[in-house]
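In what follows, chains carry the letters A, B, and so on, assigned in the order in which the sequence lines appear, proteins first and then strands, with residues in each chain numbered from 1. Hydrogens, waters and symmetry mates play no part in the numbers below; they use all other heavy atoms, side chains included. None of the values given here were measured: they were computed from a predicted structure.
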Number of protein chains: 2
Amino acid sequence: MFAALGDATRLGLIGRLSDGGERSIVQLGDGLPISRQAVAKHLDVLLGAGLVRRTKSGREVLFTLQPQSLAEARNWLDQVESQWEGTLGRFKDFVENQP
Amino acid sequence: MFAALGDATRLGLIGRLSDGGERSIVQLGDGLPISRQAVAKHLDVLLGAGLVRRTKSGREVLFTLQPQSLAEARNWLDQVESQWEGTLGRFKDFVENQP
DNA sequence: GATTTATGCAACCATAAGGTTGCATAAATT
DNA sequence: AATTTATGCAACCTTATGGTTGCATAAATC
């Protein structure tokens, strides 16, 4: 899922969806300097990573952000950081107990 | 930087460094099914993303985690999530005020 | 001084990633 | 019914990416 976030275009798409609204492929690609197909492929990647949800409405395909999945990424970061800080704490103890 | 995290091998390296210790290229590659050179390349990527710090000690090159940079990634996620929740709040208001 | 041991540099390779184009299909419009 | 408009499918292209191998260098160890 970090891989899915590791592309500027896809980060941009998520940004556009971060207001909670649902948008079609055409809408999401509006203004971008790439073809509609390229946008569709990026959305497929985001879908595969569970970052967006796909619903059909008439002839349109609408995408919405799936923010629960972002929490997953955050949890991983939190875990690494907290483990690091735990060690930092032990290191502080060590230093402070030096004669 | 999400791109740097978007590789299983590199995530593993960060995991190994998350205890705050410093390790050489050989140490970090120990147990991995890839060559030392491949490990060195991954560490270069992590270095480029600011996720690790490089110091020389004798003939060894030691790497340590740079957790401040992880916070950056977290901030981005927080921002997207909070914007989404803001909208969710407005949506709740809307629903609750329906007759 | 000779030999390990830890890296760096560079060329090379296969596959994946991001992108394009052309054509087909399906739902709205006119 | 004819035409837009929104997608999907598939082939194709170029460049990055993750990986390897061979050789050079520099610091420890014998």
- Note on the structure: Contact string for nucleotides 25-30 of chain C, one letter per nucleotide 5' to 3', B = base within protein heavy-atom range under 4.0 Å, S = sugar-phosphate only, - = neither, reads --BS--
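- Taking 4.0 angstrom as the limit, B:His42 places none of its side-chain polar atoms (N or O) nearer than this to OP1 or OP2 of D:dT17.
- The listed nucleotides are D:dT7, C:dT20, D:dT20; the one nearest the side chain of A:Lys41 is C:dT20.
- Near DNA chain D, defined here as any heavy-atom distance below 4.0 Å, the residues from residues 2-15 of chain B are B:Asp7, B:Arg10, listed numerically.
- Side chain of A:Arg23 to backbone of A:Gly29: no donor-acceptor contact under 3.5 angstrom is found.
- We find that A:Arg53 and A:Glu22 are not joined by a salt bridge, their nearest charged nitrogen and carboxylate oxygen being 4.0 Å or further apart.
- Atom CG in B:Leu47 sits about 15 Å away from atom C1' in C:dT7, given to the nearest Å.
- Nearest nucleotide to the side chain of A:Gln37, out of C:dT7, D:dG8, D:dT20: D:dG8.
- As rounded to whole Å, 9 Å separates atom P of C:dG19 from atom CG of A:Leu32.
- One can place CG of B:Asp30 at 14 Å from P of C:dT5, the figure rounded to the nearest angstrom.
- In this structure, the nucleotide among C:dG22, D:dT21, C:dG8 sitting nearest to the side chain of B:Ile25 is C:dG8.
- Of the candidate nucleotides C:dT7, D:dT20, C:dT20, C:dT7 has the atom lying nearest to any side-chain atom of B:Arg36.
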- Let me see the working for B:Leu5 and B:Ile14 under side chain to side chain contact (heavy atoms under 4.5 Å, CB included), right down to the final yes or no. CA-CA 9 Å; B:Leu5 293 174; B:Ile14 293 205; 3.7 Å; yes
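- Between the CD atom in B:Glu72 and the CG atom in B:Leu77 there is a gap of 11.5 Å [rounded to 0.5 Å].
- Listed for the A:Ser57 side chain is no donor-acceptor partner under 3.5 Å among the backbone atoms of A:Glu60.
- For A:Lys56 and D:dT7, the NZ to P distance is 10 Å, given to the nearest whole Å.
- For B:Arg54 and C:dG8, the shortest distance from a side-chain N or O to OP1 or OP2 is below 4.0 Å.
- Here CG of A:Leu46 is found 9.0 Å from CG of A:Leu11. Values are rounded to the nearest 0.5 Å.
- Rounded to whole Å, atom C1' of C:dG18 lies 14 Å from atom CG of A:Leu43.
- At the phosphate of C:dT7, OP1 or OP2 sits under 4.0 Å from a side-chain N or O atom of B:Ser24.
- Proximity note for A:Val26 (side chain, C-beta onward) versus D:dA6, C:dG19, C:dA11: the nearest is D:dA6.
- A distance-only check finds a donor-acceptor pair linking the side chain of A:Arg16 to the backbone of A:Leu28 [under 3.5 Å].
- As rounded to whole Å, 15 Å separates atom C1' of D:dG19 from atom CG of B:Asp44.
- At the phosphate of C:dT20, OP1 or OP2 sits under 4.0 Å from a side-chain N or O atom of A:Ser35.
- Between B:Phe2 and B:Trp76, the ring planes are perpendicular. Angles over 60° get that label, and only those under 30° would be called parallel.
- What separates CD of A:Glu60 from P of D:dT7 is a distance of 5 Å, to the nearest Å.
- Put simply, the side chain of B:Glu81 never gets that close to the backbone of B:Asp78: no donor and acceptor are under 3.5 Å apart.
- If you run side chain to side chain contact (heavy atoms under 4.5 Å, CB included) between A:His42 and each of A:Leu47, A:Ile25, A:Asp7, only A:Asp7 comes through.
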